[in-house]
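All residue numbers in this chain count up from 1 along the given sequence.
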Amino acid sequence: KAFVKWAAVNEVDFEWQIPFKMPNGKTYWIDAQITSGEHAGKWIEIKGYFRDDAQEKWEWFHETYPNSELWNKNKLKIFDGMSIKKKFLF
């Protein structure tokens with residue numbers, strides 16, 4: 001919800017829930033890829049906490065795609081409080 005609100009307020013386009021096949025055959029679903037604006041091409045994983053093998057999958061993805069970021073609840077709280085158009089620096 002907070003990411004979508006941030007994207008709407010900042011007029012940022014994004015793709016949602018993109019699957020990637022890992023070398024071990026498992027599928028990793030990254031939450032979003034920003035497709036417009038100054039952060040176009042950045043991959044975003046939104047996590048409150050990691051379950052089971054989620055940490056391992058994220059580490060693989062981040063190593064493979066270093067232009068990825070993990071957005072936790074603290075970063076999302078900032079977005080959720082936005083009511084006017086603001087740029088958020090990554």
A.B. asks: Return yes when atom CD of Glu15 has more than 12 non-hydrogen atoms of other residues, nucleotides or ligands closer than 6.0 Å, and no otherwise.
C.D. replies: no

A.B. asks: Any sub-3.5 Å donor-acceptor pair from Thr35's side-chain atoms to Asp13's backbone N or O?
C.D. replies: yes

A.B. asks: Can you check whether Gly48's main-chain N or O pairs, donor with acceptor, with Asn72's side chain at less than 3.5 Å?
C.D. replies: no

A.B. asks: Which heavy-atom pair separates Ile18 from Ala32 by the least distance, and what is that distance?
C.D. replies: CD1-C, 4.0 Å

A.B. asks: Please find out if less than 6.0 Å separates the ring center of Phe20 from that of Trp43.
C.D. replies: yes

A.B. asks: As an exercise, state the distance from CD of Glu59 to OH of Tyr28, rounded to the nearest 0.5 Å.
C.D. replies: 10.5 Å

A.B. asks: Will you find, in the side chains of Tyr65 and Gln33, an N or O donor that is under 3.5 Å from an N or O acceptor?
C.D. replies: no

A.B. asks: Please test Lys42 against Glu69 for side chain to side chain contact (heavy atoms under 4.5 Å, CB included), starting from the C-alpha separation and ending with a verdict.
C.D. replies: CA-CA 8 Å; Lys42 186 171 294 269; Glu69 285 192 3; 3.2 Å; yes

A.B. asks: May I ask you to decide whether Asp31 forms a salt bridge with Lys47, counting only side-chain N to carboxylate O separations under 4.0 Å?
C.D. replies: no

A.B. asks: Is there a side-chain contact between Ile34 and Ile44, using heavy atoms and a 4.5 Å cut-off?
C.D. replies: yes

A.B. asks: Do Pro23 and Trp60 come within less than 4.5 Å of each other through their side chains, counting heavy atoms only?
C.D. replies: yes

A.B. asks: Quick one: does any side-chain atom of Asn10 pair with a main-chain N or O of Val12 as donor and acceptor, under 3.5 Å?
C.D. replies: no

A.B. asks: Is the Trp6 ring parallel, tilted or perpendicular to the His39 ring (thresholds 30°, 60°)?
C.D. replies: tilted

A.B. asks: Could you tell me whether Trp29 and Trp16 have their ring centroids closer than 6.0 angstrom?
C.D. replies: no

A.B. asks: Check the pair Ser68, Trp58 against side chain to side chain contact (heavy atoms under 4.5 Å, CB included), reporting the backbone distance first and the verdict last.
C.D. replies: CA-CA 10 Å; Ser68 57; Trp58 163 249; 3.5 Å; yes

